[in-house]
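Proteins get letters first, then strands, A, B, ... in listed order; numbering begins at 1 in each.
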Number of protein chains: 2
Amino acid sequence: MSERISDAEHAVMEVLWKRAPMTAMEVAEQVVAEKDWSLQTVKTLLSRLAAKAVVGTERDGRRFLYSPLVERDDYLTGVSRNFVDRLFGGKVTPLVAHLAEADELSADDIREIEELLRELKK
Amino acid sequence: MSERISDAEHAVMEVLWKRAPMTAMEVAEQVVAEKDWSLQTVKTLLSRLAAKAVVGTERDGRRFLYSPLVERDDYLTGVSRNFVDRLFGGKVTPLVAHLAEADELSADDIREIEELLRELKK
DNA sequence: TTTCATCGACTACGGATGTAAACAATATCA
DNA sequence: TGATATTGTTTACATCCGTAGTCGATGAAA
């Protein structure tokens, strides 16, 4: 279960998560706008995603409409957990600590996160 | 620059980051203790890491001593940034928000992070 | 000095990935 | 109806990755 999504495939998913269903052409146009790939490449990625049942297809006359079968949130959760487990022993605090030390956290970020945590406690 | 470190290679690096320099045998023993790999596999990974100049070698008679050439902290920073960029648009807040929503944050975690942020502001 | 053990180097190999061309089916236009 | 464009399918191929066997050099032991 929960098939692996490669980096390139992920770029395709991001597009589909923004709007769906879409035809291969529509997806490809969006992706090609930011990743310098050929249309064929995007189609291949769509096929692989469909083969893995990460996106679903629905016939629309001569072509297909593609939609994600995996929620972006679920995907993010899986990937994030994996990430935190592998690099920070499964604890989020060390991750935040690390980002802070590496100056990846601005004062604004800190305020935002504090605000967020305050909300959470309610 | 900054060569990619694969998952398997990362396991080897973790061992070297704990103690260095070490001989291939010493590294392999540690790694094999937790990953069910053969000694040869670990040696191959060490060679690849050396080829990428992620670990350095120092001759010690007939064998080599291996040491990391990349700091664990630097590695974590790179990987974390990449992760946050790719999945959360470069912002840490959405990452934390996501982990919270996905119930990956315990009440203790929240307290810890708050404490950490308080420290940071000084 | 012959033999054996050790260690790094080289080779292997299937599967995943990034990237894309070629092809086949089909619909549309002239 | 025949040419053309569109769309999905198949095939390709180099590289990376996980995993490991084998080879050759060299040092140690007999």
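- For A:Ala8, whose side chain is taken as the heavy atoms from C-beta onward, the closest listed nucleotide among D:dA20, C:dC7, C:dG18 is C:dG18.
- Spacing between atom NE2 of B:His10 and atom P of D:dG18 amounts to 12 Å, rounded to whole angstrom units.
- Protein atom CZ of A:Arg59 is 8 Å distant from nucleotide atom P of D:dT9, rounded to whole Å.
- Regarding contacts with the backbone of C:dG18, a side-chain N or O of A:Ser6 is found under 4.0 angstrom from either OP1 or OP2.
- For D:dC17, the OP1/OP2 oxygens have a side-chain nitrogen or oxygen of B:Arg4 closer than 4.0 Å.
- Nucleic acid contact for B:Thr44: base, since at least one base atom lies under 4.0 Å from a heavy atom of the residue.
- Hydrophobic cluster membership is shared by B:Leu39 and B:Trp37, with clusters built from Ile, Leu, Val, Met, Phe, Trp and Tyr side chains linked at under 4.5 angstrom.
- Across the protein-nucleic acid pair, A:Ile5 atom CD1 and C:dG18 atom C1' stand 16 Å apart, rounded to whole Å.
- The interatomic distance linking B:Leu49 (CG) with C:dG8 (P) rounds to 14 Å, in whole Å.
- At a threshold of 4.5 Å between non-hydrogen side-chain atoms, the residues B:Thr93 and A:Asp108 do not count as touching.
- Between A:Glu9 and A:Arg4 there is no salt bridge, since none of the side-chain N atoms of the basic residue sits less than 4.0 Å from a carboxylate O of the acidic one.
- Atom pair A:Phe64:CZ and D:dT6:P shows a separation of 19 Å (rounding to whole Å applied).
- Taking atom CD of residue B:Glu26 and atom P of nucleotide C:dG8, one finds them 11 Å apart after rounding to whole Å.
- Here D:dC17 is the nucleotide among D:dG18, D:dC17, C:dA9 with the atom lying nearest to any side-chain atom of B:Lys52.
- Side-chain nitrogen and oxygen atoms of B:Arg62 include at least one within less than 4.0 Å of the OP1 or OP2 phosphate oxygen of D:dA28.
- A donor N or O paired with an acceptor N or O is found under 3.5 Å between the base of C:dG18 and the side-chain atoms of A:Arg48.
- Not a single donor-acceptor pair, N or O on each side, falls under 3.5 Å between the base of C:dA20 and the side chain of A:Ser38.
- The side chain of A:Thr41 places an N or O atom within less than 4.0 Å of a non-bridging phosphate oxygen (OP1 or OP2) of C:dA20.
- A salt bridge between B:Glu114 and B:Arg111 is absent, with no side-chain N of the basic residue lying under 4.0 Å from a carboxylate O of the acidic one.
- Between the C1' atom of D:dC16 and the CD atom of B:Glu9 lies a distance of 9 Å, rounded to the nearest Å.
- The side chain of B:Trp37 has D:dT19 as its nearest neighbour among D:dG18, D:dT19, C:dG8.
- Using a 4.5 Å cut-off between side-chain heavy atoms of Ile, Leu, Val, Met, Phe, Trp and Tyr, with links allowed through other members, B:Leu69 and B:Leu49 fall into different hydrophobic clusters.
- Atom CE of A:Met25 and atom C1' of D:dG8 are 12 Å apart (whole Å).
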